[in-house]
4 protein chains.
Amino acid sequence: MSPKPNVTTMRTTQIIEAATTVFAEKGFDRATMEDIADAVGINKATIYLYFDNKDALIHAIAERLFDQELAGLQAAHDLQNTAMERLTAYYETLITEESEVMPLMPILYEFYALGLRRDDVRAVITDFIHQLTGLLAAIIQEGVENGEFAPTDARQAARALDALLSGTLLHWVYAPEEVDVDAQLRYGVQLIFRGLLH
Amino acid sequence: MSPKPNVTTMRTTQIIEAATTVFAEKGFDRATMEDIADAVGINKATIYLYFDNKDALIHAIAERLFDQELAGLQAAHDLQNTAMERLTAYYETLITEESEVMPLMPILYEFYALGLRRDDVRAVITDFIHQLTGLLAAIIQEGVENGEFAPTDARQAARALDALLSGTLLHWVYAPEEVDVDAQLRYGVQLIFRGLLH
Amino acid sequence: MSPKPNVTTMRTTQIIEAATTVFAEKGFDRATMEDIADAVGINKATIYLYFDNKDALIHAIAERLFDQELAGLQAAHDLQNTAMERLTAYYETLITEESEVMPLMPILYEFYALGLRRDDVRAVITDFIHQLTGLLAAIIQEGVENGEFAPTDARQAARALDALLSGTLLHWVYAPEEVDVDAQLRYGVQLIFRGLLH
Amino acid sequence: MSPKPNVTTMRTTQIIEAATTVFAEKGFDRATMEDIADAVGINKATIYLYFDNKDALIHAIAERLFDQELAGLQAAHDLQNTAMERLTAYYETLITEESEVMPLMPILYEFYALGLRRDDVRAVITDFIHQLTGLLAAIIQEGVENGEFAPTDARQAARALDALLSGTLLHWVYAPEEVDVDAQLRYGVQLIFRGLLH
DNA sequence: GATGAATGAGGTTTCATTCAT
DNA sequence: TATGAATGAAACCTCATTCAT
């Protein structure tokens, strides 16, 4: 009811955002609670008023990061018509957000690594991949049904498409001068589209 | 009179292998030098006779891991004839080694994360990706030249192919029950091949 | 409403004083941060809230020790009249403080040794000797100008006087039963005074 | 009997000499047995064939250093005639050996510090000072007896003289550009001689 | 006599976390 | 809600010393 956004919520967000940056720069283990507090401009102990401990903070970041990503992609294609257009809108979002995505890559890989060791993080990632696959599969399935695409296993196709996108990001972060993400993404997706069409 | 294998080399290898396992399990920062020493069955201090410090050990692992991977892939396709067969041999290596690859995934992502923060590690990875791309591009280029594939930018195609493979591994580790790597890899690669053919 | 003495300043002083004692007993390298913490009755880690590291702590002690010594000597002679009286007051300070000086001798020689290896410590000592020489030279110069002393190079005389005092302390600490500091100091100084008079 | 100097004796000497240099550079605690072995060009473990442990090595150095110093001074004045000449010969030795003495100053102060904590080292130093004082006192006593010097307590005079010399070295090492040892020593000694004469 | 290899015992420093104010 | 002060528990790294060869 109260229109004024809760102070607590703001602080929580502040901390999560600062922590995301700090973790991306130093890694989960090398970044200290003090580094994060300094980035927010508060005292180290204050973080503990908002998060039980470092692990909980990391978990919160994982949730926000992957949920946000999902929401962004979901929104992107809602406006489009054909399956092709919707898939295109999807990866163009990535291209557009390029400069925002780059600094998050380190923390993304940290999460991929951490998720294989911590169940709560794994759950977040598994869920993200599951939902994303579902999202893409649904679009592809539509395309198949309305004759845009040749009949195929939509889930496998969805995974292939997402795999290609994820993998392309890896090439990009490790060879930024050599790889033109934009072109490379378009190229890869066209390749797959051509495979799907008929 | 086979020259008795240098004790030092053996120890070095022992340590690297044990460390790889330990790091894969706990992560670079959470794993302690003592954990590693225990895994080898030696004293903590002994590791320092073979590696200057933890970072140097991690670096040595990176080199061995990526170089080994590259060598494995390189060897795999040497025996084949057509470009298609050679590319196929390439990803079938991945499928065959599945059980060996899985436990390395955590350390692989650790490296992808760490490489974005440490120049020496970044260099190893960049080099790996570069060489791998070159390897695949050469095969594809051959295919284009002998008419197996339609004309295309071989490097972009190579990146697309590798991206798809890398990305598929990610789906696999995070949804092992849901994803049949074998089928998924074949599916994705077929998709790309179909795009390349004509 | 006297401003309540800063807790931090108090702790800092506590630590410096305890560390001085501990270092005097065990030497800079043999004394551990834990020894010092125990002497203060705090945790080892707490010291690091007040000093960046062991070296910084040692540096702080050097500054306090030599500055304090200088201040003590400076104060001592301010009240006197003739140059002779002022010089006398100076070394009588040493005699009076005998029991306080003795336990500091080990750390003093540690500093003399360390100063030849660490620039920051060397600077403190060099400055101390420089100032001390200046102090004594000024008094001697006055004595020369008002006819108390025969004309001489005041700086050389000052160094000779201080050298004799320092050297006498060495004899004293290494032969405390044999050397009566009081008598020995008086004797030496008289010798020099006799040399200066006319 | 055997004129060929024992190999063992040579090694022992080699080690002592190398260790003296290394200790002078790094201090007793910072210098490692390996540093010393490297300086000799032998293996770390070999040192233990010649010395029981690090402390024993340090002790051996102390003995050699102070005994040698004493022998040097003793020899110096043997040839002279008057007490004055003999005392003069004594400090001129110091001046002549200046370049050899300077690099030993750090280890000398280390010993002065260590001697206040380790009985075996203390004994060496106490003995050195005792003998040196005796040496000088004997000369002065002669001077008194043959009328060169006015009657005085020869031991006190000896200590004063040595104190002045030791103290002058301190000024010198900490202000080498400012202090002309040669001149300063002469000045100081003249001052004392003038006090002794009549 | 000499050494390569190994280790036990520590020492410095860091840091997540707590708590009184 | 916020924080200054403190700490327990490590972790990395070093080094004197030993010993089999």
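Per chain, numbering begins at 1; letters A, B, ... match sequence-line order. Predicted model only: the values in this text are computed from it and were never measured.
- Here F/dC12 presents its P atom at 11 Å from CG of B/Asn53, a figure rounded to the nearest Å.
- A straight line from CD of C/Glu34 to P of F/dA9 spans 12 Å, rounded to a whole angstrom.
- A/Ala31 comes within 4.0 angstrom of the backbone, heavy atoms only, and of no base.
- Note that CD1 of A/Ile58 is 10.5 Å distant from OG1 of A/Thr20, once rounded to the nearest 0.5 Å.
- For B/Ile42, counting side-chain heavy atoms from C-beta on, the closest listed nucleotide (F/dA2, F/dT14, E/dT7) is E/dT7.
- Atom CD1 of A/Ile47 sits about 10.0 Å away from atom NZ of A/Lys54, to the nearest 0.5 Å.
- When both distances must be under 3.5 Å, the Watson-Crick or G-U wobble mate of E/dA6 is F/dT17.
- The base of E/dG10 is paired with the side chain of B/Lys44 by a donor and an acceptor separated by under 3.5 Å.
- Between C/Phe66 and C/Phe128, the two ring planes are tilted [angle within 30° to 60°].
- In this structure, C/Lys54 atom NZ and E/dG11 atom C1' are separated by 8 Å, rounded to whole Å.
- In this pair, B/Tyr174 and A/Tyr112 present their aromatic rings tilted. The plane angle is within the 30 to 60° band.
- The side chain of A/Tyr50 has F/dA2 as its nearest neighbour among F/dA2, E/dG8, F/dT3.
- Proximity note for D/Met33 (side chain, C-beta onward) versus F/dT14, E/dA5, F/dA16: the nearest is F/dA16.
- The nucleotide whose nearest atom lies closest to any side-chain atom of B/Ala45 is, among F/dA16, E/dT7, F/dC13, E/dT7.
- To the nearest 0.5 angstrom, B/Met102 atom CE is 12.5 Å from B/Leu108 atom CG.
- Contact annotation for C/Thr32: backbone-only contact, meaning every heavy-atom pair under 4.0 Å involves sugar-phosphate atoms and none involves a base.
- Going from atom CG of D/Asp38 over to atom P of F/dT14 covers 15 Å, rounded to whole Å.
- Atom CZ in D/Arg30 sits roughly 16 Å away from atom C1' in F/dA16 (whole-Å rounding).
- Contact annotation: C/Arg11 reaches the phosphate of F/dA6 (side-chain N/O to OP1 or OP2, under 4.0 Å).
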